[in-house]
Structures are given as structure tokens and as C-alpha cells.
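Heads up, the thing below is written out as C-alpha cells.
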Amino acid sequence: MTLLILNGPNLNLLGTREPETYGHATLADLEAELREAFPEVNLVFYQSNHEGALIDRLHEAAREGVAGVVFNPGAYTHTSIALRDAIAGTGLRVVEVHLSNVHAREPFRHVSMLAPVCAGQIVGLGRAGYHLAVRYLASLR
Ligand code: DQA
């Protein structure tokens, strides 16, 4: 089974970016720990700071027939109708993940454009959220 782990803008800065909010682990650390935790799953990682590149990668994932997507859209969560349309338009099974508890932060982070077209949303559990999302998607078939 193949799952896409998709990370949006500024998540390449994990480890140095606002560590009090996002922790000290890097995106490479996250990738390594997920690969170790789920050796039976073919995990494909992609990060981009560009909305269009994320949309293109979702289209590609749908063409490839991936079983699901774990998606941290970063700030595009709160703004991107285009990413929402990409999820709806491809019919991909997507779990939205946020490291921080967006509901405990600024009001503009309380709204997700994407959540209504996702299978579910995991927020505030740090890197464990990615693990739980992979476990959920991997359990489906
Ligand atoms: C985030 C939350 C977003 O509001 C923020 O813009 C991010 C990271 C998170 O993982 O907590 O870039 O998606």
C-alpha cells in the first residue's frame, strides 16, 4: 500500500521554526520515524511551499492510485479553496493533520477550508498526529 505524506508551506523549516509551537524535530526526523514505524507501508514524502505544486502532487497521487494522503497544508489550510477543490475533484482519501492545536491559537487558524472534504482531521498532537493518520489509512485495506 502506498500513502502520500504531503506537507505544505514552511514545514521544511521544522526544527528551527517556532520550536515552542512545532517542536524541535525536523521534517527529516519525522520522515525517518514514520518509515521506522510503518515498514510495511510504502510512504512517499513530498513538501512544497507552493500551492500549485501541492495541487499538482494531489492530482499525481490520484493518477498513481495512492490509498490515502496525510496532509498538513500549513497556512493554506485556512485560505485555499483551490486545494479543497483538488481534494474534492480527485476523490482522494485525505486526513488533515496539524502539529499544533489550531483551535487554541489565533481565530484565523480555527477555520479549515479543507476539513469538509477530508476523511478527518487530527490537530494538536504533534508528530503523533501523523502516526495516527498513517495507522488509520493503513487499516482501511
Ligand atoms: C500548522 C498550523 C497552521 O495554522 C500553520 O500555518 C502551519 C502549521 C500545524 O501543523 O500546526 O504552518 O499546519
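Both counts, for ligands and for their atoms, begin at 1 and track the order of listing.
Below 3.5 Å of separation, one finds no N or O of V97 facing any N or O of ligand 1.
The proximity of L99 to ligand 1, defined as any non-hydrogen pair under 4.0 Å, involves the side chain as well as the backbone. When heavy-atom distances to ligand 1 are checked against a 4.0 Å cut-off, T77 has no atom that comes that close, whether in backbone or side chain. By the criterion of a heavy-atom distance under 4.0 Å, the side chain of R17, and not its backbone, is placed next to ligand 1. The side chain of R109, and not its backbone, has at least one atom closer than 4.0 Å to an atom of ligand 1 (non-hydrogen atoms only; side chain from C-beta on).
Listed by chain and number, the hydrophobic cluster partners of V102 are V123, where partners are ILVMFWY side chains within reach of under 4.5 Å, directly or through others.
Set against the non-hydrogen atoms of H78, the atoms of ligand 1 under 4.0 Å away are 3 (C), 4 (O). When each atom of ligand 1 is checked for a heavy atom of Y22 under 4.0 Å away, the hits are 5 (C), 7 (C), 8 (C), 9 (C), 11 (O). Every atom of ligand 1 with a heavy atom of V102 under 4.0 Å away is listed here by number and element: 2 (C), 4 (O). Within ligand 1, the atoms closer than 4.0 Å to a non-hydrogen atom of N72 are 1 (C), 9 (C), 10 (O), 13 (O), numbered from 1 in the order shown.
Using cut-offs of 30° and 60° on the angle between ring planes, the pair H98 and H78 is parallel.
Protein heavy atom nearest atom 11 (O) of ligand 1, with residue, atom name and distance: S100 OG, 2.6 Å. Scanning all protein heavy atoms for the shortest distance to atom 1 (C) of ligand 1 gives H98 ND1, 3.6 Å.
A side-chain N or O of S112 and one of E96 form a donor-acceptor pair less than 3.5 Å apart. Y22 and N10 form no side-chain donor-acceptor contact under 3.5 Å, judged by distance and modelled atom types alone. Looking at R57 and S48, their side chains never bring a donor and an acceptor atom within 3.5 Å of each other.
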D56 and Y46: CA distance, side-chain angles, deciding distance, side chain to side chain donor-acceptor pair (under 3.5 Å) verdict: CA-CA 11 Å; D56 287 344; Y46 183 77; over 6 Å; no

Side chain to side chain donor-acceptor pair (under 3.5 Å) between N49 and E51, intermediate numbers included: CA-CA 7 Å; N49 295 320; E51 190 174 19; over 6 Å; no

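Atom NE2 of H24 is separated from atom CG of D29 by 12.0 Å, given to the nearest 0.5 angstrom.
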